[in-house]
Amino acid sequence: EPEVTQTPSHQVTQMGQEVILRCVPISNHLYFYWYRQILGQKVEFLVSFYNNEISEKSEIFDDQFSVERPDGSNFTLKIRSTKLEDSAMYFCASIERGLNTEAFFGQGTRLTVV
Amino acid sequence: GESVGLHLPTLSVQEGDNSIINCAYSNSASDYFIWYKQESGKGPQFIIDIRSNMDKRQGQRVTVLLNKTVKHLSLQIAATQPGDSAVYFCADFWGYASGGSYIPTFGRGTSLIVHP
């Protein structure tokens with residue numbers, strides 16, 4: 001069964017450092033998302049990406065965040081200068097087409113900022 | 001902004017009982033909903049979906065009910081098993097991003113604990 005894969009599964013970084021979280025969405029999907037989940041809290045939308053550009057972003061997704069689809073398969077989330085409060089699980093998701101279709105989620109990357 | 005929320009943070013049941021998890025949504029324009037199950041350390045997994053032109057949908061051991069009048073969703077799990085222990089989220093799909101995509105918005109989640 002096709003799945004969304006994320007690497008690494010766990011990333012520890014020092015405050016102020018840049019991190020790149022990687023995702024490989026399902027190959028024929030067109031819409032891509034990043035979410036984060038702080039421990040014990042809900043899954044929060046960060047950004048959606050379609051047709052090689054950001055289509056929506058939340059207020060969480062500030063100038064420290066960026067996304068890229070550098071080739072035909074990877075979808076990355078970069079945090080330029082990590083803060084302690086960026087510690088969370090980050091989930092990538094993809095959707096095959098637009099309306100009324102399921103979002104498939106990866107297993108997540110646990111980011112720990114120390 | 002508008003949001004999806006869950007009534008109960010924790011639900012404890014005995015194995016074999018039926019479980020009912022509730023969800024309220026506030027975006028009256030939402031027309032597609034998904035229930036996700038999240039096990040510890042894993043990403044959300046699709047359980048069942050429902051469109052706003054339906055009021056009930058059944059899967060294997062699960063049923064989702066949608067009451068658009070009061071903007072309420074419920075997930076019913078029949079004969080709950082220990083393997084059903086997880087956090088359950090409802091998500092509503094809102095908005096039209098470029099290309100007509102919906103963006104799933106999650107509530108806080110209900111933790112289901114099944115006692116053997």
Side-chain angles (χ1 to χ4, degrees), chain A residues 1-7 9-10 21 23 25-26 29-61 88-110 112, chain B residues 1-10 23-25 27 29-54 57 59 64 66 86-111:
Chain A
E1 185 176 318
E3 59 180 9
V4 176
T5 56
Q6 290 185 242
T7 55
S9 56
H10 191 188
L21 309 183
C23 170
I26 296 172
H29 285 195
L30 301 178
Y31 301 87
F32 314 110
Y33 305 84
W34 282 101
Y35 286 80
R36 82 170 183 194
Q37 185 179 31
I38 295 171
L39 185 65
Q41 298 188 24
K42 67 180 183 181
V43 178
E44 299 174 291
F45 169 73
L46 292 178
V47 65
S48 62
F49 194 86
Y50 170 74
N51 200 25
N52 288 318
E53 61 182 16
I54 290 173
S55 49
E56 295 285 347
K57 58 183 180 179
S58 72
E59 59 190 21
I60 302 169
F61 193 88
M89 284 288 286
Y90 288 80
F91 294 106
C92 173
S94 69
I95 291 178
E96 182 178 2
R97 59 186 187 277
L99 303 180
N100 297 343
T101 54
E102 179 192 346
F104 289 83
F105 284 80
Q107 294 299 304
T109 293
R110 180 173 297 284
T112 303
Chain B
E2 293 175 311
S3 63
V4 176
L6 288 161
H7 294 304
L8 297 173
T10 304
C23 175
Y25 65 95
N27 187 348
S30 297
D31 60 3
Y32 180 55
F33 306 87
I34 294 181
W35 278 101
Y36 284 93
K37 173 185 180 182
Q38 186 179 26
E39 296 174 285
S40 181
K42 296 185 178 180
Q45 295 176 282
F46 173 90
I47 301 174
I48 190 167
D49 61 356
I50 189 166
R51 292 171 175 73
S52 61
N53 61 350
M54 307 166 70
R57 189 152 191 236
V64 55
L66 173 62
V87 176
Y88 290 81
F89 296 92
C90 68
D92 79 322
F93 281 56
W94 61 269
Y96 280 95
S98 301
S101 176
Y102 284 116
I103 297 168
T105 301
F106 291 84
R108 187 163 179 263
T110 292
S111 176

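Everything quoted here is computed from the prediction, not taken from an experiment. A note on names: the letters A, B, ... follow the listed sequences, proteins ahead of strands, and every chain is numbered from 1.
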### Query
Between Ala103(A), Ala93(A), Gly108(A), which shows the greatest number of heavy-atom pairs under 4.5 Å with chain B?
Ala103(A)
## Note on the structure
In Phe45(A), Phe91(A), Phe105(A), the residue satisfying ring pair (Phe, Tyr, Trp, His ring centres under 6.0 Å) with Phe106(B) is Phe105(A)
### Results of side-chain hydrogen bond (donor to acceptor under 3.5 Å, both in side chains) for Thr112(A) - residues two or more places apart only
His10(A)
### Side chain / backbone / both / neither for Glu44(A) at chain B, heavy atoms under 4.5 Å
neither
### Query
Side-chain contact, heavy-atom cut-off 4.5 Å: Ile34(B) with Glu102(A)?
yes
### Query
More than 12 non-hydrogen atoms from neighbouring residues, nucleotides or ligands closer than 6.0 Å to CZ on Arg110(A), yes or no?
no
### Query
Which bit of Gln45(B) is near chain A, if near means a heavy-atom gap under 4.5 Å: side chain, backbone, both or neither?
neither
### Contacting region of Phe33(B) [heavy-atom separation from chain A under 4.5 Å]
neither
### Message
Nearest 0.5 Å, please: how far is NZ in Lys42(A) from CD in Gln38(B)?
### Response
14.0 Å
## Note on the structure
For Leu30(A), the side-chain contact (heavy atoms from CB on, under 4.5 Å) test, sequence neighbours excluded, returns Tyr50(A)
